[in-house]
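Contents: one structure, followed by commentary.
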Number of protein chains: 2
Amino acid sequence: MTKHDPELSLLFHALADPTRRSILTRLAEAPARVTDLAEPTGLRLPTVMRHLSVLEEAGLIVTSKDGRVRTCAIVPEAFDPMRTWLDEQRAIWEARLDRLDAYVMKLMKERDT
Amino acid sequence: MTKHDPELSLLFHALADPTRRSILTRLAEAPARVTDLAEPTGLRLPTVMRHLSVLEEAGLIVTSKDGRVRTCAIVPEAFDPMRTWLDEQRAIWEARLDRLDAYVMKLMKERDT
């Protein structure tokens with residue numbers, strides 16, 4: 001995982017919008033047609049289609065067309081790189097806190113002897 | 001946690017840029033001066049300052065000034081809402097998969113009796 005992973009930028013950008021997050025939550029429950037996804041948002045269909053494009057480009061959803069009906073489905077494993085990145089940051093600062101703890105313990109021991 | 005949480009949008013937007021992610025990784029290791037953060041990026045100081053503003057606005061870092069030296073530090077707990085949101089999505093689709101499993105098991109049992 002490099003620092004300049006363009007995939008991560010696409011993923012985090014995709015989640016930086018409340019409409020896109022609400023669409024993902026809906027799709028986590030079940031696949032849905034584009035028209036059904038659009039309805040609760042109160043947005044015009046072209047606007048919703050643009051949001052779906054961002055999600056599809058990031059790989060968070062896939063769409064399929066059956067006749068005139070386009071259906072969207074979530075791709076659960078696509079969320080993994082974000083979780084991994086967050087875990088990596090946590091590991092770094094936890095290691096730092098552990099070193100600080102060890103240092104304080106050492107100072108306290110030195111003071112006591 | 002509402003669907004239209006503006007805090008989440010700020011947080012995910014803050015992580016949607018490779019320079020900002022690399023600054024956070026650096027700060028996860030230790031607090032650092034703005035000039036030291038700017039150096040490895042190869043970017044001009046005003047550009048780096050803009051990235052730092054985005055991170056500070058999202059609450060992911062805090063900055064403090066001592067004379068002419070501004071220092072930045074990461075705020076580990078600020079990452080929690082993103083992790084919580086990702087966990088919530090996973091819980092929703094895992095519940096769905098469990099229901100699907102149960103349904104398939106039921107069908108198989110019915111076929112066997």
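Order of the sequence lines fixes the chain letters, A, B, ..., with proteins taken first and strands second; residue numbering starts at 1 for each chain.
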Could you state whether [X] and [Y] fall into the same hydrophobic cluster, counting links through intermediate Ile, Leu, Val, Met, Phe, Trp or Tyr residues with side-chain heavy atoms under 4.5 angstrom apart?
X	Y	answer
A:Leu10	A:Ile61	no
A:Leu45	A:Leu37	yes
A:Leu43	A:Met49	yes
B:Val34	B:Ile74	yes

N/O donor-acceptor pair under 3.5 Å between B:Arg96 side chain and A:Ala28 backbone: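 Pair found, side chain donor or acceptor close to backbone of A:Ala28.
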
More than 12 heavy atoms of other residues, nucleotides or ligands under 6.0 Å from [atom1] of [X]: yes or no?
X	atom1	result
A:Glu39	CD	no
A:Asp98	CG	yes
B:Asp101	CG	yes

To the closest 0.5 Å, what do you measure between [atom1] ([X]) and [atom2] ([Y])?
X	Y	atom1	atom2	value
A:Arg21	B:Leu8	CZ	CG	4.5 Å
B:Met82	A:Leu86	CE	CG	5.5 Å
B:Phe79	A:Asp87	CZ	CG	12.0 Å
A:His13	B:Phe12	NE2	CZ	13.0 Å

Nearest non-hydrogen partners of A:Glu29 and B:Arg99, listed with the distance: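 In this case the closest contact between A:Glu29 and B:Arg99 is O-NH2, 4.3 Å.
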
Pairs of heavy atoms under 4.5 Å with chain A: top-ranked of B:Leu15, B:Ile92, B:Leu27: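 Going by pairs under 4.5 Å, I would pick B:Leu15.
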
Toward chain A, the part of B:Leu97 with a non-hydrogen atom under 4.5 Å: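 Contact with chain A involves no heavy atom of B:Leu97 at all.
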
Under 4.5 Å from any heavy atom of chain B - which part of A:Arg90: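 Only the side chain of A:Arg90 comes within 4.5 Å of chain B.
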
Validation row: A:Leu24, B:Trp85 side chains within 4.5 angstrom (heavy atoms):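 In contact.
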
